[in-house]
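Written below as structure tokens is the structure these notes are about.
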Amino acid sequence: MSEAHPIGSRVPGLSVGARIIAVVVLASIGAVGAWLQHDAPGRSAQPRTEFTASNPPAGLPTVLTTGQHLHWSRCTSPLTAREGYDCAIMKAPLDYRKPDGRTIEIALIRRKATGPNARRIGSLVLNFGGPGVSGVSGLPEYLDQYKSLLDRYDLVSFDPRGVGATIPVRCGKTADETGYEGADACAEHSGALLPFIGTSHTARDLDLMRYLLGDERLHYFGVSYGTALGAVYARLYPSHVGRLVLEAPVDPTEDLVEEQVSQVKAVQAAFDRFAAHCAARVRVCPTGDGPEEAARRMARLADRLDKKPAPAGGGNDLDADDLAYAVSDHLDLGTDGWAPLAKALTALIDHNNGRPLSKGADDTGSADRAATPRDNSRAAQTAITCADSSQRPGFERLDRDAARVRAASPVFGEAWSTGVYLCYDWPFDGERATPQVNADGAAPILVVGGTGDPTTPYPGARRMARALGDGVGVLLTAEEEGHGTYPQNRCVTEAVDTYLRTGRTPAVGAMCRGSMS
């Protein structure tokens with residue numbers, strides 16, 4: 001799973017090398033309905049028992065709870081979801097403080113459980129990270145990672161607020177342009193939506209989704225940023241927590257700047273481990289004889305690319321920032337990314353060929369973007385992050401923070417330092433400096449952290465488990481390189497699957513051995 005972008009880019013499968021992605025707006029909320037096909041003639045449904053929940057979210061009008069039903073039908077987009085998947089839309093309040101006011105439509109996708117009805121537990125809602133990742137495109141892309149759970153669960157995902165087909169944030173110069181043109185453009189085209197797309201709003205959507213899916217409690221698997229969403233849900237609805245997995249968790253105690261510093265230190269440490277391995281195992285290692293030489297060579301390479309970017313194929317060039325992001329994408333893959341990274345750096349250094357390095361950093365999530373609502377991941381990432389964070393320091397403070405980030409990593413600090421400016425001119429206030437995640441009274445929540453994670457560093461996993469509350473957060477540690485360990489690590493996979501099937505958590509202090517053992 002790949003992800004490495006300063007601030008808030010906790011996105012498995014979302015490249016940060018291609019970090020500024022276009023935005024296309026569906027002309028109205030009703031456009032979501034046009035995107036989904038609501039009848040599927042000739043499709044034969046397998047007999048199955050549909051679940052019904054008895055605990056609707058409090059405070060919502062009955063038209064959205066007992067009066068609303070999800071009408072599942074064959075997906076028409078993306079193309080990868082046309083066989084074996086169902087799609088639906090869910091109506092929810094734009095503003096939960098005014099539940100009788102304007103409603104929005106949230107795009108959902110489902111893969112039905114394959115096991116016997118008697119063994120089906122319910123729905124497992126998946127969030128693949130971000131913020132800014134489409135779950136409707138993501139479920140077909142990542143299905144293989146979760147197939148072992150299909151015997152017991154319907155697998156369900158969705159486009160969160162601001163993303164894909166769910167009130168997509170628009171930040172181009174005009175409504176038809178797909179580029180991210182900054183906060184002013186976001187305010188101009190999506191100003192009425194921006195106050196209502198933060199994580200706490202999406203967490204409330206999750207509870208309505210849980211009820212309409214027929215589950216008394218939410219069963220959920222969140223990766224990277226998805227762990228923040230899951231933890232905020234648990235804080236808001238502790239009595240509705242079912243079996244929640246928070247994998248590669250964010251650190252709920254860190255604000256945006258602290259997160260940047262921690263992340264850039266972690267990705268530098270991962271690169272140093274790669275450089276040591278390369279020096280010991282690769283006959284002609286492109287990064288030299290170890291981490292110190294690697295830092296010098298990377299600095300020379302970045303300087304060269306600053307002056308003249310390398311061709312990267314498809315009319316694109318690779319500059320110094322792209323170099324940092326693309327290398328970190330490979331590091332997110334763990335040791336599986338090391339051999340391709342060595343080859344790609346050799347091609348770039350020796351032949352000025354940036355294509356191999358950028359190839360692994362160009363996947364923006366959808367296997368068939370042309371057939372889906374256009375990817376607005378950069379705009380959504382910024383908008384959701386700034387809706388969540390209340391930090392709005394002035395330039396003098398930001399410049400000091402940027403210097404801290406640059407000093408934390410000789411290879412990645414310069415590229416990561418720009419992330420501290422993300423929300424400085426955002427037109428709306430955010431909720432708080434750090435998320436509230438204490439979920440006293442909730443059922444046990446499984447938190448899975450890898451000791452070599454370069455994007456959501458392992459100390460954050462310990463802090464997440466602790467912040468959830470005594471007897472709630474249960475930490476499983478994996479001695480693994482890379483961002484995320486499920487299903488790559490067999491021990492982690494067995495523990496997670498056992499928890500999701502039975503509710504049994506691993507023993508306190510449980511550890512899975514892996515590539516760092």
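Salt-bridge annotation for Arg490 and Glu494: absent, with no side-chain N of the basic residue lying under 4.0 Å from a carboxylate O of the acidic one. Under the 4.0 Å criterion applied to side-chain N and carboxylate O atoms, Glu83 and Arg111 are not assigned as salt-bridge partners. Comment: Asp303 does not engage Arg300 in a salt bridge, judged by the lack of any side-chain N to carboxylate O separation of less than 4.0 angstrom.
The minimum heavy-atom distance between Thr455 and Pro457, with the atom names listed, is O-CD, 3.4 Å. Between Ser515 and Glu480, the shortest heavy-atom distance links the atoms OG-OE1, 2.9 Å.
Under the 6.0 Å cut-off for aromatic ring centres, Tyr424 and Phe395 qualify, their centroids lying closer than that. Aromatic pair Tyr325/Phe412: ring centres not closer than 6.0 Å.
The ring pair (Phe, Tyr, Trp, His ring centres under 6.0 Å) test with Phe128 singles out one residue from Tyr225, Phe158, Tyr142, Tyr486, and that residue is Tyr142.
Residues Leu446 and Val448 are in side-chain contact: their nearest non-hydrogen atoms beyond the backbone lie under 4.5 Å apart. For the pair Leu475 and Tyr458, the minimum side-chain heavy-atom distance is below 4.5 Å. At least one side-chain heavy atom of Cys386 sits less than 4.5 Å from a side-chain heavy atom of Arg392. Looking at Glu431 and Ser200, their side chains come closer than 4.5 Å, going by heavy atoms from C-beta outward.
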Determine all donor-acceptor pairs shorter than 3.5 Å in which one atom belongs to a side chain in residues 271-290; sequence neighbours excluded.
residue	atom	partner	partner atom	Å
Asp272	OD1	Gln268	NE2	3.0
Arg273	NE	Glu481	OE1	3.2
Arg273	NE	Glu481	OE2	2.5
Arg273	NH2	Gly452	O	3.3
Arg273	NH2	Glu481	OE1	3.1

Per-pair distances, 0.1 Å, donor-acceptor, side chain in residues 340-349, under 3.5 Å, sequence neighbours excluded:
residue	atom	partner	partner atom	Å
Thr346	OG1	Ala342	O	2.9

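For CD of Glu293, the number of neighbouring non-hydrogen atoms (other residues, nucleotides, ligands) closer than 6.0 Å is greater than 12.
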>> Asp251 vs Met464, test: side chain to side chain contact (heavy atoms under 4.5 Å, CB included). Steps then yes/no.
In response: CA-CA 6 Å; Asp251 189 333; Met464 174 65 85; over 6 Å; no
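Pairs passing the disulfide (SG to SG under 2.5 Å) check and including a residue from residues 296-358, sequence neighbours excluded, do not occur.
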